[in-house]
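To start, the structure under review is shown below, and the notes come after it.
Start at 1 and go down the list; that is how both ligands and their atoms are numbered. Atoms considered below: every heavy atom in the structure, side chains included; atoms not considered: hydrogens, waters and symmetry mates.
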Amino acid sequence: MRKNLLLVALSAALLSACKGDATLSRDVKGYDDPLMRNEKKITGIIKQMTLEEKVAMLHGKHMFTSEGVPAQGIADMVYADGPFGIREEMEPHSWNSIHLKTDSATFFPTGSALAATWSEEMAYIYGTGMAREARLRGKDMILGPAINIQRIPTGGRTYEYLSEDPFLSSRLSVEYTKGVQDNGVAVCVKHFAINNQETNRGSVNAIVSPRAMREIYLPPFEATVVEGNAFGVMSAYNKINGYWCAENYQLLNQILRQDWGFKGMVISDWGGTHSTVGSVTAGLNVEMPNSNYLGQALLDSVKSGAVAESVIDERVREILRVRLAVEPVPEDKANKEMTAKPEQAKIAYEVAANSIVLLKNDGGLLPIDLNKVKTVAVIGDNADKIMATGGVGAGVKALYEITPIAGLRNRIGDKAKIVYAQGYTSQQARGGFGGFGRRGGAPAASAKPDDTAAKLQDEAVKAAKGADIVLFIGGDNRQHETEGSDRRSMDLPYNQENVLEAVAKVNPNVVFIAVAGAPVDLNRVQSCCSTIVQSWFNGTEGGNALADILLGKISPSGRLPFSYPIKLEDSPAYATGSFPQTDAPVNQDVFVSLVQEDSKAEELLKGATGRGTALYSEDILVGYRWFDTKQKPVMYPFGYGLGYSKVEYSGFAVSKSQFSDGEVISVSFTAGNSGKYDQLDVPQLYVHRVDSKVEWPYKELKAFRKIKVNAGASAFVTLDIPVESLKYWDEARHDWVLEPGKIELLLAHDAGNVAAKLEVAIR
Ligand code: BGC
């Protein structure tokens, strides 16, 4: 563990305590750790338990509960999907809804949208909102945040995860976790670890170097455990270097518990347990949702001496730590009132408003001036599409969702005429269970549109002809980007590019809005649109937030949490030939075995194991680290996003010129806004190694902050980099090592636009 990093955090927390900062108690793990308050009591509880009672705690009781200690009045653990809205109530042993009238929740913007805010404050309030709704529903643990690194742009869960960058993911995940846990609910950070693809996720063996693991894939988990004090972790479906995550001794016992000091509980992903002795000794606490391995088989294993009862006691203790740290919601209090509340809708709005990224604004179309624009043509299937559902585990039964067209109608009112044309349809892509029947995404643009397509296109062209501006709301959707499969390509689906081009021919004033959780191919869009916006699966209030951005009520401030490649083949896993894998056929998704109730289920699951090898050949060069180092141009760089006002930086300075281990590099500068709009801005600080003997990416993000600079004003900004965070994982020494030498501090607007540089020495 990077102990000094913790010390830096500790001294920062003590400093803030001296300044009277009330947040101290949630700043540092180990400071009155809620997980460690009840050790004596837990010893007493375990002493009174039978072996049967102990084993009963180590597997699923219902689809989303595991047993407490009923004889001693200790409640069951109640879990809830997912990362962005409390999932509806289901029958205890199936995925069927029980159609409650009170379980409609707030749909919060999905993971990449939250990450696009680049705001720790947004992540924290997001967590508070999730926790409040979880409490109303009697949940103890939220199955989120989902924080795997977005390794491939086509990942089925890229929209659910946060970023391609470990530092951005870490900062947001820590705050999300604090927000949840400060409000009486535990998180279950998932999926630990290296679950970076959906293709064969239930069987794939990820071959990753120790350095890439420590520097790229594990840091978000490390930070969430060490700084955020996450109470729960979910092991991933896949294998790492030959070992299933749910029985991976190195991952669960050595890295998580020993190196990071994790004191809480690990639950398996649903159907992701593969052994009895291996899992329980490697550190898995609960097999979810079944008892195939940690039920009777475990009982027998203890009785036969294959597993020591002391191991069971340890696993029970870890669960009880969480159980006693989270106050159970009495059964007669849960589900008594509507889950979704206006205060959460407000949070969902704030996050959405902070997340929308203005990619291109060359034609002066945005913000829309309603004094001049009298007819707005809104075109596209996504203008009117609900995004709360789909994506399997992460679907939300939302109380309501403001779609883009609804938001525009709300905000424009009678100030202009809105004409809507669907333009294209996404209907043809549905099929199979939650999209599982359809491997690899919907068909791309078809050269010969059929009758329906031609009719929809004609209507769109007609709507566009008479309008002052066209808002083309395309992208993909939650059937196209989904858990259980990866997209086959980044292509914009459903014939939309043909429609867009036809529309642009009759009206050049087209704003293309990509509603998507991941990068899409923008090549054809670029050649016909002067204005491009990246919106997201943006929650309950997404349409209102989008309308406020387009109309200039607020200036856009979202920044891309991932690089936008020009073409898929440029991105690292594709360029190195490590994805898609060709060594195994694409199998039925692991999840299917959980919903299939006949005897074929077990067969399917067996067939799904041990297939596919993902060689992480790009190693530490993930995302912008690859594009920078290989000097590959991108469509839009990581961290990119425009505003209606431009913020410039000046007076970049550093506290001193030489630093040693344990110190903090502190930089300062002035951010000035000479524009007309108050502007939220995200200065980013990257580090480039000048004379290193170790191989590094060209640069790495080490600090950022979302700041507000009012129109015509300026702000003094400081950013800190603990020297500890500059260490690399030395595979020979099996430890973090600080390399002395020169580094450049790059103050940037985004990964492709460095505003100022300074050189300092590390001793
Ligand atoms: C997903 C998890 C989810 C679980 C329960 C799994 O298939 O991978 O993220 O929490 O199902 O719904």
Side-chain angles (χ1 to χ4, degrees), residues 59-66 77-97 105 110-111 130 134 137 139-148 155-162 173 176 180 185-204 221 230 232-239 244-246 265-274 284 286-290 389-397 433-436 478 481-486 517 587-596 601 604-605 608:
H59 53 81
K61 178 177 176 181
H62 302 138
M63 200 57 103
F64 283 93
T65 63
S66 61
M77 284 295 298
V78 187
Y79 311 98
D81 274 315
F84 31 82
I86 306 301
R87 191 173 181 167
E88 73 191 295
E89 297 298 326
M90 280 167 276
E91 289 169 358
H93 296 288
S94 85
W95 300 87
N96 299 332
S97 164
T110 63
M130 284 289 296
R137 294 274 298 285
K139 311 296 182 194
D140 299 307
M141 185 176 270
I142 290 170
L143 303 177
I147 60 169
N148 295 92
R157 297 181 96 166
T158 291
Y159 83 91
E160 204 177 325
Y161 297 149
L162 296 171
S173 173
Y176 179 121
V180 170
V185 179
V187 298
C188 183
V189 58
K190 66 189 188 184
H191 308 86
F192 192 56
I194 326 279
N195 180 183
N196 311 107
Q197 66 181 62
E198 291 301 283
T199 308
N200 288 335
R201 65 173 167 159
S203 61
V204 69
F221 290 97
V233 169
M234 184 189 290
S235 59
Y237 281 129
N238 48 284
K239 287 181 176 178
W244 294 112
C245 289
M265 58 192 278
V266 180
I267 70 176
S268 75
D269 201 343
W270 269 229
T273 310
H274 298 272
L284 182 71
V286 186
E287 172 191 7
M288 284 304 290
N290 304 318
T389 49
V392 193
V396 181
K397 177 179 162 189
F433 166 76
F436 287 132
R478 298 280 304 277
E481 283 187 54
T482 173
E483 178 179 338
S485 61
D486 298 307
N587 270 304
Q588 188 79 283
D589 186 69
V590 58
F591 199 87
V592 176
S593 66
L594 289 171
V595 290
Q596 192 129 346
L604 277 172
L605 191 57

Quiz item: Taking only heavy atoms of W95, which atoms of ligand 1 are found under 4.0 Å from at least one of them?
Solution: 12 (O)
Practice problem: Under 4.0 Å, heavy atoms only, figure out whether ligand 1 is touched by the backbone of Y79, its side chain, both or neither. | Solution: neither
Exercise. Could you tell me whether ligand 1 has any atom less than 4.0 Å away from a heavy atom of R157?
Key: yes
Quiz prompt | Non-neighbouring partners of K61 that pass salt bridge (Lys or Arg N to Asp or Glu O under 4.0 Å), sequence neighbours left out | solution = E67, D76
Exercise. Apply side chain to side chain donor-acceptor pair (under 3.5 Å) to the pair H191 and R157, showing each step before the final yes or no.
Key: CA-CA 11 Å; H191 308 86; R157 297 181 96 166; 3.2 Å; yes
Quiz prompt | R201 touching ligand 1 at heavy-atom level, < 4.0 angstrom | solution = yes
Quiz item: Can you tell which of I267, D269, N195 gets a heavy atom nearest to atom 8 (O) of ligand 1?
Solution: D269
Quiz item: For ligand 1, which part of K190 has a heavy atom less than 4.0 Å away: the side chain, the backbone, both, or neither?
Solution: side chain
Exercise. Starting from the C-alpha separation in whole Å, work towards a yes-or-no answer on salt bridge (charged side-chain N to carboxylate O under 4.0 Å, His left out) for E89 and K139.
Key: CA-CA 11 Å; E89 297 298 326; K139 311 296 182 194; 2.8 Å; yes
Quiz item: Hey, does R87 sit under 4.0 Å from ligand 1 if you only count heavy atoms?
Solution: yes
Exercise. Using a strict cut-off of 4.0 Å, indicate which atoms of ligand 1 neighbour a heavy atom of M234.
Key: 10 (O)
Self-check item: Sequence-distant partners of D269, salt bridge (Lys or Arg N to Asp or Glu O under 4.0 Å), two or more places apart
Solution: none
Self-check item: Passing option when V185 is tested against I86, I142, D140 for side chain to side chain contact (heavy atoms under 4.5 Å, CB included)
Solution: I142
Quiz prompt | Distance filter under 4.0 Å to L143 heavy atoms, resulting ligand 1 atoms | solution = 10 (O)
Quiz item: Does Y237 have a non-hydrogen atom less than 4.0 Å from ligand 1?
Solution: yes
Quiz item: Would you call the rings of Y79 and W270 parallel, tilted or perpendicular, where under 30° means parallel and over 60° means perpendicular?
Solution: perpendicular
Quiz item: When you measure from the side chain of N200 to the backbone N and O of G202, does any donor-acceptor pair fall under 3.5 Å?
Solution: no
